[in-house]
**Student:** 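Below: one structure in structure tokens.
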Amino acid sequence: MSGYLAGLNPEQREAVEAVDGPVLVLSGAGTGKTRVLTTRFAHILLTGRAAPGEMLAVTFTNKAAREMRERVAGLLGRPVDGLWLGTFHALGARMLRRHAEAAGLRRDFAILDTDDQLRVLKPVMEELRLDPKRAPPPAALALIQRWKDRGVAPDRLGAAEQTEFASGRMAEVYARYQQRLAALNAADFGDLLLHMTDILRREPAALAAWQRRFRYLLVDEYQDTNVVQYLFLRLLAQAHRNICCVGDDDQSIYSWRGAEVGNILRFEQDFPGARVIRLERNYRSTAPILAAAAGLIAHNEERLGKTLRPAGKEGAGEQVLVVSLWDSDEEARMVGERIAALRAEGHRLAEIAVLVRAGFQTRAFEERLLALAIPYRVVGGLRFYERAEIRDAVAYLRLLARPADDLAFERIVNVPRRGIGEGTLATLRQAARARGEPLAVATAAAIAAKQIPPRARETLGHWLHDLDRWREIEAREGPVVALSAVLEDSGYLEMWRRDPSPEAPGRVENLRELGRALAEFETLAAFLDHVSLVMENEAENGDDKLSLMTLHAAKGLEFDTVFLPGWEEGVFPNQRALDESGTKGLEEERRLAYVGLTRARTRAIVSFALNRRIYGNWQSNAPSRFLDELPADEIRREGSSAFRRAAARREPVVFLDRAPLTALRSSVPERVAPRPRPAEAVGVGARVRHERYGLGTVRAAEAGRLEIEFDEGGRKRILDGFVTPA
DNA sequence: AGGTTAGTAATTTTT
DNA sequence: TTACTAACCT
């Protein structure tokens, strides 16, 4: 048999060779999922079942797509051309460009990021006279995105979708937002698949053509698919049914982004006769870590069921360490010291990670690491293309490529400062709207007609002239030369060079990096798509640095040593997740804990602090219930001396014996009471208590936001997680 | 137009 | 605590 199948275990091999018909591969953490995926891909090509262009392979991240592409090329011994391999969004965009007219767009439609989306949505909501305080545009955008995730276009908004939010006018907001997007020849991320799925549903010819093309479908991280993605896949698969989905229901942690665990749970019903293959041999972690993770996740009800087993020698490895700390400062110190000790023993920092529930928790660790001179990197902050300077530069390029791109125009018309204020801009918008022309055209007209102040007339006149000149440069000498001309002549680069802030030099460097990235592309249009859909974070340099990141950001990664701090009720599981989503929320939090533990190869150090400083004030928390769910045999407990002293004053030393850690709950004065309260319980008229404002009556409630009239006077808008029933 | 200050709210974020 | 905004002054 072919060499590429040789190193696979029986289940992996089964997953590779089960080529025809629907297949669900349940692959636990560290069970060789990527290997199976890529080998299967290569297997289909090598056995001549399909040509490269006849397979559709979908991932969620560009990183995963790139890895798959490289490894398939490795297996085949040559780079493969013509693959339809990429993220849902990139593939959706690629397909949609061929059907743009059917979606009411032109082929060169722009793909919008969040900034642009808000730039479109805000005026829509203003026009409808919606109070941005009561109905914040970002919240409205989130609602629209959830609809899009579920495949609900404005014309499919049923009565069931009614929401109190924005005085019940969200349907109108959504419809107008979509109209504006069409008018701007733009699609947001959600549209890429929404439009494409709509087209596949509406146009049998298009559907048949795509079905004929894609003979085999391969889907990564299936547990994270949302409804549109599911519909998209099902439409494409329904003719030949050669669909293979790989995923792990225990690692579904993105429900708040529209992911439906239900998709993977329902697979066998959706695709009758499906084969389900479980990959349970774990090649990553030691036996105690796996046993701890397995014991924890076993507390979830909603799962297909699967138990990780160590692939190698049984029983080897250290227990998971659970450390009790008195407060969050002490926790940061403990983590810092242990990292320093590991480093002194010769462990590489790049093999150590600190994984937290929420971004704000990283700060305490950063301070300690700085003090200890331990190099670290916070993973998952702003992505490269989200940086202001990159967005600005890209907006210039967009305006060169598409003179009618009003969103780009608005972003940079006054960057660097050209003395164009809200007043002038309002005049221009109005002129553009009245004439039905793009802002750039309307601006030229407004200058000629002297509708704007002399000063603005002059600078804008020059600017428009410059834009034309840059376009000529682009046509003559290519995008790279044009970009440097733009950045120099517009004064944009000079603006950052003169900026005294410490991050300014980095921004200049980022712009240089943008130039290097641009050089890789033939056309500006190709580059612009790349920027919106594919552009990566700064190249991860090979420096030996500790990683600091959220649990979400850690999915898919692995480290020798993993620190898991902040296992406290309210923090992890996160209170808001519990309040908003009840048991489902708790189960997702538990999956997050499972993801965290399974990142560790040889060492996992879980910790909790009884007192934590959050937003400047101290709060006492009970140890996380997840601690009690770790099988006692697989963990070893330790307490700091400060903890021991403090705990001893209240109760016998709890942490040394096997009493549940949560026994501490009764021993700690709980300033913040646990809130096992379903969100619906707080309705209009309910009496509630707020930590700061005291008692009050709920006057309005929508989407988890309450408007409360407090007895002490004043109406305030409060998130429902911040009040308790009175 | 643009900078300054006071008030307010506070997960997770693959594209 | 910080970060963001909206109102307010120059």
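Everything quoted here is computed from the prediction, not taken from an experiment. No hydrogens, no waters, no symmetry mates; every other heavy atom, side chains included, goes into these values.
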**Student:** Check this for me, if you would: do A/Glu260 and A/Arg150 make a salt bridge, where the nitrogen-to-carboxylate-oxygen distance has to be below 4.0 angstrom?
**Tutor:**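 No, A/Glu260 and A/Arg150 are not salt-bridged.
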**Student:** Does a nitrogen or oxygen in the side chain of A/Asn62 sit under 4.0 Å from OP1 or OP2 of B/dT15?
**Tutor:**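 For B/dT15, OP1 or OP2 has a side-chain N or O of A/Asn62 closer than 4.0 Å.
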**Student:** What pairs with A/Met495 under side-chain contact (heavy atoms from CB on, under 4.5 Å), at least two apart in sequence or on another chain?
**Tutor:**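 Per chain and number, A/Met495 pairs via side-chain contact (heavy atoms from CB on, under 4.5 Å) with A/Val415, A/Pro416, A/Tyr492.
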**Student:** Within this structure, what is the CG-to-C1' distance between A/Leu586 and B/dT11, rounded to whole angstrom?
**Tutor:**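 For the pair A/Leu586 CG and B/dT11 C1', the rounded distance is 15 Å.
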**Student:** How long is the line joining CG of A/Leu355 and C1' of B/dT12, in whole Å?
**Tutor:**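 Going from A/Leu355 (CG) to B/dT12 (C1'), I get 13 Å.
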**Student:** Determine, stepwise, if the pair A/Glu67 / A/Arg71 fulfils salt bridge (charged side-chain N to carboxylate O under 4.0 Å, His left out).
**Tutor:** CA-CA 6 Å; A/Glu67 189 179 354; A/Arg71 288 177 64 166; 3.3 Å; yes
**Student:** With a 3.5 Å cut-off and heavy atoms only, can you find an N or O donor on one side and an acceptor on the other between the side chain of A/Arg357 and the base of B/dT11?
**Tutor:**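 Answer is no: no donor-acceptor pair is held.
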**Student:** By nearest nucleotide on DNA chain B, pick out whichever of A/Ser581 and A/Asn414 is the more 5' one.
**Tutor:**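 Of the two residues, A/Asn414 wins.
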**Student:** For atom P, what is the distance between C/dC4 and B/dT13, given to the nearest Å?
**Tutor:**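 Pairwise P distance, C/dC4 against B/dT13, rounds to 16 Å.
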**Student:** From the set B/dT13, B/dT11, B/dT15, return the single nucleotide nearest to any side-chain atom of A/Thr87.
**Tutor:**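 Among B/dT13, B/dT11, B/dT15, the one nearest the side chain of A/Thr87 is B/dT15.
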**Student:** For A/Arg391 and B/dT15, what is the distance between atoms CZ and P respectively, to the nearest whole Å?
**Tutor:**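 Those two atoms, CZ and P, are 13 Å apart.
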**Student:** Can A/Asp149 and A/Arg146 be counted as an ion pair, charged N to O under 4.0 angstrom?
**Tutor:**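 A salt bridge links A/Asp149 with A/Arg146.
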**Student:** Side chain of A/Trp256, heavy atoms from C-beta onward: which of B/dT13, B/dT11, B/dT15 has the nearest atom to it?
**Tutor:**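 Of the options given, the side chain of A/Trp256 lies nearest B/dT13.
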**Student:** Can you identify which nucleotide, out of B/dT12, B/dT11, B/dT15, has its nearest atom closest to the A/His552 side chain?
**Tutor:**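 Looking only at side-chain atoms, A/His552 lies closest to B/dT12.
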**Student:** Show me the protein contacts with nucleotides 4-7 of chain C, counting only N or O atoms at under 3.5 Å.
**Tutor:**
none

**Student:** What residue among A/Phe189, A/Phe232, A/Phe60 forms ring-ring contact (aromatic ring centres under 6.0 Å, His included) with A/His89?
**Tutor:**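 The residue from A/Phe189, A/Phe232, A/Phe60 that satisfies ring-ring contact (aromatic ring centres under 6.0 Å, His included) with A/His89 turns out to be A/Phe189.
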**Student:** Please name all residues satisfying side-chain contact (heavy atoms from CB on, under 4.5 Å) with A/Val378, sequence neighbours left out, ordered by chain then number.
**Tutor:**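 Partners of A/Val378 under the side-chain contact (heavy atoms from CB on, under 4.5 Å) test: A/Glu366, A/Tyr376, A/Leu548.
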**Student:** Give a yes/no verdict on base stacking between C/dT1 and A/Tyr615: centres under 5.5 Å, planes within less than 30° of parallel.
**Tutor:**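 Stack criterion not met.
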**Student:** Grab the CD-C1' distance between A/Gln575 and B/dT12 for me, whole Å please.
**Tutor:**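 Roughly 15 Å, once rounded to whole Å.
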**Student:** Taking OP1 and OP2 of B/dT13, is either one under 4.0 Å from a side-chain nitrogen or oxygen of A/Arg146?
**Tutor:**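 No.
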**Student:** Ignoring backbone atoms, test whether A/Ser532 places a side-chain nitrogen or oxygen under 4.0 Å from the OP1 or OP2 oxygen of B/dT15.
**Tutor:**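 For A/Ser532, the contact criterion (side-chain N or O under 4.0 Å from OP1 or OP2 of B/dT15) is not met.
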**Student:** Look at A/Arg411 together with A/Asp392 and state whether they make a salt bridge at an N to O cut-off of under 4.0 Å.
**Tutor:**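 Yes, this pair counts.
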**Student:** Holding to side-chain contact (heavy atoms from CB on, under 4.5 Å), I want the full list of residues that pass it with A/Arg363, two or more places apart in sequence or in another chain.
**Tutor:**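 A/Arg363: side-chain contact (heavy atoms from CB on, under 4.5 Å) contacts with A/Glu367.
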**Student:** Looking at residues at least two apart in the chain, or sitting in another chain, which of them share a side-chain contact (heavy atoms from CB on, under 4.5 Å) with A/Ala371?
**Tutor:**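 Partners of A/Ala371 under the side-chain contact (heavy atoms from CB on, under 4.5 Å) test: A/Arg368.
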**Student:** Would you mind telling me which of B/dT15, B/dT13, B/dT11 lies closest to the side-chain atoms of A/Ala358?
**Tutor:**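 Selected nucleotide: B/dT11.
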**Student:** Using atom CZ of A/Arg591 as one end and atom P of B/dT12 as the other, report the distance to the nearest whole Å.
**Tutor:**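 In whole Å, B/dT12 P lies 18 Å from A/Arg591 CZ.
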**Student:** To the side chain of A/Glu580, which of B/dT13, B/dT11, B/dT15 is closest?
**Tutor:**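 For the A/Glu580 side chain, the nearest candidate turns out to be B/dT11.
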**Student:** Check DNA chain B against residues 419-427 of chain A and give the residues with a non-hydrogen atom under 4.0 Å, in numerical order.
**Tutor:**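 Contacting residues: A/Gly419, A/Ile420, A/Gly421, A/Glu422, A/Gly423, A/Thr424.
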**Student:** With syn defined as a glycosidic angle within 90° of 0 and anti as everything else, classify B/dT11.
**Tutor:**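 Judged by the O4'-C1' to base torsion, B/dT11 sits in syn, the angle falling within 90° of 0.
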**Student:** Between B/dT11, B/dT13, B/dG2, which one does the side chain of A/Asn574 approach most closely?
**Tutor:**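 Of all the options, the side chain of A/Asn574 is nearest to B/dT11.
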**Student:** Would you call A/Asp224 and A/Lys555 a salt bridge, using N to O less than 4.0 angstrom?
**Tutor:**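 A/Lys555 and A/Asp224: salt-bridged.
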**Student:** Base, sugar-phosphate, or nothing: which does A/Phe88 touch, judged by heavy atoms less than 4.0 Å apart?
**Tutor:**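 Touches nothing.
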**Student:** Indicate whether OP1 or OP2 belonging to B/dA1 is found under 4.0 Å from a side-chain N or O atom of A/Arg455.
**Tutor:**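 Checking A/Arg455 against B/dA1: no side-chain N or O falls below 4.0 Å of OP1 or OP2.
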**Student:** Assign A/Ala577 to base, sugar-phosphate, or nothing according to its heavy-atom contacts below 4.0 angstrom with the strands shown.
**Tutor:**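 The residue A/Ala577 makes base contact.
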**Student:** Tell me what A/Gly359 touches on the nucleic acid: a base, only sugar-phosphate, or nothing, going by heavy atoms under 4.0 Å.
**Tutor:**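 Here A/Gly359 touches the backbone only, sparing every base.
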**Student:** Base, sugar-phosphate alone, or nothing: which one does A/Glu367 contact when heavy atoms must sit under 4.0 Å apart?
**Tutor:**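 Nothing: the residue A/Glu367, judged by heavy atoms under 4.0 Å, touches no strand.
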**Student:** Mind calculating the distance between CD (A/Gln619) and P (C/dT1) to the nearest angstrom?
**Tutor:**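 Whole-Å distance recorded here is 16 Å.
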**Student:** Using atom CG of A/Asp149 as one end and atom P of B/dT13 as the other, report the distance to the nearest whole Å.
**Tutor:**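 The answer, rounded to whole Å, is 16 Å.
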**Student:** Quick test of your reading of the model: are A/Asp529 and A/Arg94 salt-bridged, counting only N-O distances below 4.0 Å?
**Tutor:**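 Result for this pair is no, no salt bridge flagged.
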**Student:** Without decimals, in angstroms, what is the distance between A/Ile614 CD1 and C/dT2 C1'?
**Tutor:**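 From A/Ile614 CD1 to C/dT2 C1': 14 Å.
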**Student:** Using the C1' atom in both, what is the distance from B/dT12 to C/dT5, to the nearest Å?
**Tutor:**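 That atom pair is separated by 24 Å.
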**Student:** For A/Arg591, is there an ion pair with A/Glu588 - N to carboxylate O distance below 4.0 angstrom?
**Tutor:**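 Answer for the salt bridge query: yes.
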**Student:** Ring of A/Phe360 versus six-membered ring of B/dT11: centres under 5.5 Å and planes under 30°?
**Tutor:**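 Stacking between A/Phe360 and B/dT11: absent.
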